[in-house]
Asker: 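I'd like to ask some things about the structure below.
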Amino acid sequence: MSTNIRWFPLVLGLLFAGSAIFMFATPGLQLAALGFFISLLILGSGIVSLIGYFTTPAPVRSGWDLANAIITLLLGVVLMGNTAAEQAALVPTVIGIWLIVDAILRLMVGQRAKYLDYRAGKSIQWTAWLPLILGVLMVIFPLFFGTVGVWLVAFGFLAFGVFNLVIFASSLGSKKNSSQSPSEIIDL
């Protein structure tokens, strides 16, 4: 490993571990940042759903798909207009409500799709149950799910940081072992 690249895992590991510690220390701020990111994703999902509705052939289109796209788009616009404090407080609840509405609409789309292909319609309906359950739980326990979301991201950052620090430490050990002469290295 080249000397310049050898320090990259150390820097990356320290940045990710430091970010994780910062996230554990300030979960409210991180929830607001996560809320902004999720709001952006919801807005993008609404735009893609609306485009998808109009690019779908007319016989296959469903009014429920259009309603889902419009609701998702409006929700994204409303969430993007909130302040950071409002996003931190509202995002878990709004996302829970959005998941519930999306799941109900998906159940209706699946019911309609059963007339065309029963197995496909049943599959669509099965994909609605997990968002429905998760949405109900998020509405009932918004603070818990908001904090858990931030902590999961922080744990991911911490694991990635520690992983990079281990890579750096192992590269230091390989530097010491690489002092062997070329005649001592056996190439198979």
Side-chain angles (χ1 to χ4, degrees), residues 1-49 52 68-69 71-103 106 126-179:
M1 186 181 292
S2 117
T3 308
N4 294 337
I5 297 175
R6 184 181 307 267
W7 294 99
F8 185 70
L10 174 65
V11 172
L12 197 60
L14 290 175
L15 285 174
F16 271 93
S19 296
I21 292 168
F22 181 69
M23 290 176 80
F24 282 125
T26 59
L29 179 65
Q30 304 316 313
L31 185 57
L34 188 62
F36 175 77
F37 180 70
I38 290 172
S39 300
L40 192 61
L41 288 177
I42 291 173
L43 180 66
S45 174
I47 292 169
V48 168
S49 296
N68 188 16
I71 289 170
T72 303
L73 185 65
L74 290 175
L75 181 61
V77 169
V78 167
L79 286 176
M80 290 299 291
N82 288 336
T83 65
E86 289 170 335
Q87 284 188 348
L90 293 176
V91 165
T93 303
V94 171
I95 290 173
I97 292 169
W98 174 60
L99 285 172
I100 292 169
V101 169
D102 185 59
R106 194 176 301 176
W126 274 106
T127 63
W129 289 109
L130 182 63
L132 182 65
I133 293 167
L134 185 62
V136 168
L137 289 174
M138 285 181 82
V139 168
I140 295 172
F141 307 109
L143 184 61
F144 173 75
F145 278 95
T147 304
V148 166
V150 169
W151 284 359
L152 285 174
V153 172
F155 276 123
F157 278 21
L158 186 61
F160 190 68
V162 168
F163 175 74
N164 276 294
L165 292 173
V166 168
I167 288 174
F168 173 74
S170 67
S171 73
L172 289 178
S174 69
K175 182 179 182 181
K176 292 177 185 175
N177 293 338
S178 66
S179 62

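Atoms considered below: every heavy atom in the structure, side chains included; atoms not considered: hydrogens, waters and symmetry mates.
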Asker: Taking ring pair (Phe, Tyr, Trp, His ring centres under 6.0 Å) as the definition, give me every residue that meets it alongside Phe36, ordered by chain and number, with sequence neighbours left out.
Answerer: none
Asker: Say you draw a straight line from CG of Leu14 to CH2 of Trp7; how long is it, rounded to the nearest 0.5 Å?
Answerer: 10.5 Å
Asker: Would you compute the distance between atom CD1 of Ile100 and atom CG of Leu137 and round it to the nearest 0.5 angstrom?
Answerer: 9.0 Å
Asker: Does the side chain of Leu43 come within less than 4.5 Å of Leu73's, by heavy atoms?
Answerer: yes
Asker: Mind checking whether Asn68 and Asp102 have side chains closer than 4.5 Å, heavy atoms only?
Answerer: yes
Asker: To the nearest 0.5 Å, what is the distance between CG (Leu12) and CG (Leu165)?
Answerer: 9.0 Å
Asker: Please name the residue in the list Phe22, Trp151, Phe24 that meets the side-chain contact (heavy atoms from CB on, under 4.5 Å) test with Gln30.
Answerer: Phe22
Asker: Write down the atom of Met138, the atom of Gly96, and the distance for their closest heavy-atom approach.
Answerer: CB-CA, 3.8 Å
Asker: Give, for atom CD1 of Ile140 and atom OG1 of Thr93, the distance between the pair rounded to the nearest 0.5 Å.
Answerer: 11.0 Å
Asker: Please assess Leu99 against Leu132 for the test side-chain contact (heavy atoms from CB on, under 4.5 Å), listing each intermediate value before the final yes or no.
Answerer: CA-CA 6 Å; Leu99 285 172; Leu132 182 65; over 6 Å; no
Asker: Got a sec, which residues hit ring pair (Phe, Tyr, Trp, His ring centres under 6.0 Å) with Phe37, two or more places apart in sequence or on another chain?
Answerer: none
Asker: State, to 0.1 Å, how close Val153 and Met23 come at their nearest heavy-atom pair, and which atoms those are.
Answerer: CG1-CE, 3.3 Å
Asker: Between Pro142 and Pro92, which heavy-atom pair has the shortest distance, and what is it?
Answerer: O-CB, 3.3 Å
Asker: Give me the one residue out of Leu158, Asn164, Val162 that meets side-chain contact (heavy atoms from CB on, under 4.5 Å) with Phe160.
Answerer: Asn164
Asker: Enter the distance from Ile71:CD1 to Ser49:OG here, rounded to the nearest 0.5 Å.
Answerer: 11.5 Å
Asker: Verify whether the ring centers belonging to Phe168 and Phe8 lie closer than 6.0 Å.
Answerer: no
Asker: Got a sec, which residues hit ring pair (Phe, Tyr, Trp, His ring centres under 6.0 Å) with Phe145, two or more places apart in sequence or on another chain?
Answerer: none
